[in-house]
Amino acid sequence: MRTQTLKKAQNRPSPSDPHGRAVAEQILQTVLASLDNSKAEDIVSLDIQGKSALADHMVIASGRSHRHVSAVADHLLRALKDSGFGTSKVEGLSSADWVLIDTGDVIVHIFRPEVREFYALEKMWAEDKQTDADTLH
């Protein structure tokens, strides 16, 4: 699989929600497999547990054109539904510059390359490598 993981997902179930973590991991695997099968490019998976209450994982990928972005998104929506994860919330499918798919546990962004470069979500959500000692005040 051509996926780059910036922060390795932790498979430790939460004592308060062991089933929810397992479902999130299943959704993540379905998303990554669908994106790979659709020939999405530069797939990045970010573990955002503890950084945001929005979701456990964020996946960012690119399509080569409007048509490819739209096809990748459609394929992913079908894969999620066929796997029993229901209907996800979708934004941006009509323009296909940036499609956002929210499964609840996993948020997926599918961009055209120039739009992805402009917004640089990976930089915003990736781990901060700078320590407090390196920060000048």
Side-chain angles (χ1 to χ4, degrees):
M1 197 177 289
R2 305 167 313 192
T3 304
Q4 175 187 10
T5 302
L6 293 183
K7 182 179 177 190
K8 191 166 184 128
Q10 297 185 5
N11 292 328
R12 289 178 279 153
S14 166
S16 61
D17 191 16
H19 179 70
R21 301 269 185 210
V23 171
E25 289 299 322
Q26 291 172 348
I27 293 171
L28 178 63
Q29 293 310 312
T30 300
V31 166
L32 294 175
S34 175
L35 293 174
D36 190 53
N37 290 339
S38 298
K39 306 293 189 236
E41 299 177 345
D42 301 322
I43 302 167
V44 176
S45 175
L46 300 166
D47 183 341
I48 61 171
Q49 294 177 51
K51 290 184 180 183
S52 174
L54 296 175
D56 291 339
H57 302 279
M58 182 178 295
V59 177
I60 304 168
S62 295
R64 295 180 297 278
S65 64
H66 293 282
R67 183 173 285 197
H68 188 219
V69 168
S70 179
V72 168
D74 284 337
H75 185 260
L76 175 56
L77 291 167
R78 264 184 275 134
L80 289 166
K81 192 168 188 177
D82 291 347
S83 296
F85 298 118
T87 305
S88 301
K89 297 175 187 137
V90 183
E91 295 289 333
L93 194 55
S94 60
S95 67
D97 277 327
W98 174 1
V99 177
L100 180 136
I101 299 172
D102 184 355
T103 70
D105 292 319
V106 179
I107 298 173
V108 183
H109 300 272
I110 307 167
F111 290 100
R112 283 189 313 106
E114 51 275 6
V115 178
R116 180 177 180 171
E117 184 179 333
F118 178 79
Y119 287 102
L121 291 183
E122 294 97 327
K123 290 179 185 174
M124 184 182 346
W125 285 98
E127 284 187 73
D128 186 14
K129 305 237 185 290
Q130 190 176 29
T131 64
D132 289 337
D134 296 335
T135 305
L136 297 175
H137 294 279

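Just so you know, these numbers use all the heavy atoms, side chains as well, and skip hydrogens, waters and symmetry mates.
- Between His57 and Ile48, the closest heavy-atom pair is N-CG1, 3.9 Å.
- A pairwise comparison of heavy atoms in Arg116 and Val44 identifies NH2-CG2, 3.4 Å as the closest pair.
- Side-chain contact between Leu77 and Ser88 is present, with at least one heavy-atom pair separated by less than 4.5 Å.
- Between the side chain of His75 and the backbone N or O of Leu35 there is no donor-acceptor pair closer than 3.5 Å.
- Residues Gly63 and Pro113 share a closest heavy-atom pair of O-CD, 3.0 Å.
- When atom types are taken as modelled, the side chain of Ser34 and the backbone of Thr30 share no donor-acceptor pair closer than 3.5 angstrom.
- Taking all atoms of both residues into account, the shortest heavy-atom contact from Ser45 to Leu28 is OG-CD1, 3.8 Å.
- Note: Thr103 OG1 to Leu80 CG = 6.5 Å, rounded to the nearest 0.5 Å.
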Before giving the answer on side-chain contact (heavy atoms from CB on, under 4.5 Å), spell out for Asp74 and Leu93 the whole-Å C-alpha distance, their side-chain angles and the decisive distance to 0.1 Å.
-> CA-CA 9 Å; Asp74 284 337; Leu93 194 55; 3.6 Å; yes
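- The distance from atom CD1 of Ile27 to atom CG of Leu32, rounded to the nearest 0.5 Å, is 12.0 Å.
- Atom-to-atom distance recorded for Asp97:CG and Ser65:OG is 11.0 Å, nearest 0.5 angstrom.
- The aromatic rings of Tyr119 and Trp98 are tilted relative to each other, their planes meeting at an angle between 30° and 60°.
- Side chains of Phe85 and Asp105 form no contact here, defined as non-hydrogen atoms less than 4.5 Å apart.
- Side chain of His68 to backbone of Ser62: no donor-acceptor contact under 3.5 angstrom is found.
- With hydrogens and angles disregarded, a donor-acceptor distance shorter than 3.5 Å links the side chain of Asn37 to the backbone of Ala33.
- A heavy-atom distance below 4.5 Å is not found between the side chains of Lys89 and Ile101.
- Within the model, atoms CD1 of Ile110 and CD1 of Ile60 stand 11.5 Å from one another, a figure rounded to the nearest 0.5 Å.
- Of the inter-residue distances, the one linking Glu91 atom CD with His109 atom NE2 reads 11.5 Å to the nearest 0.5 angstrom.
- In this structure, CE in Met58 is found 9.5 Å from NZ in Lys51, a value given to the nearest 0.5 Å.
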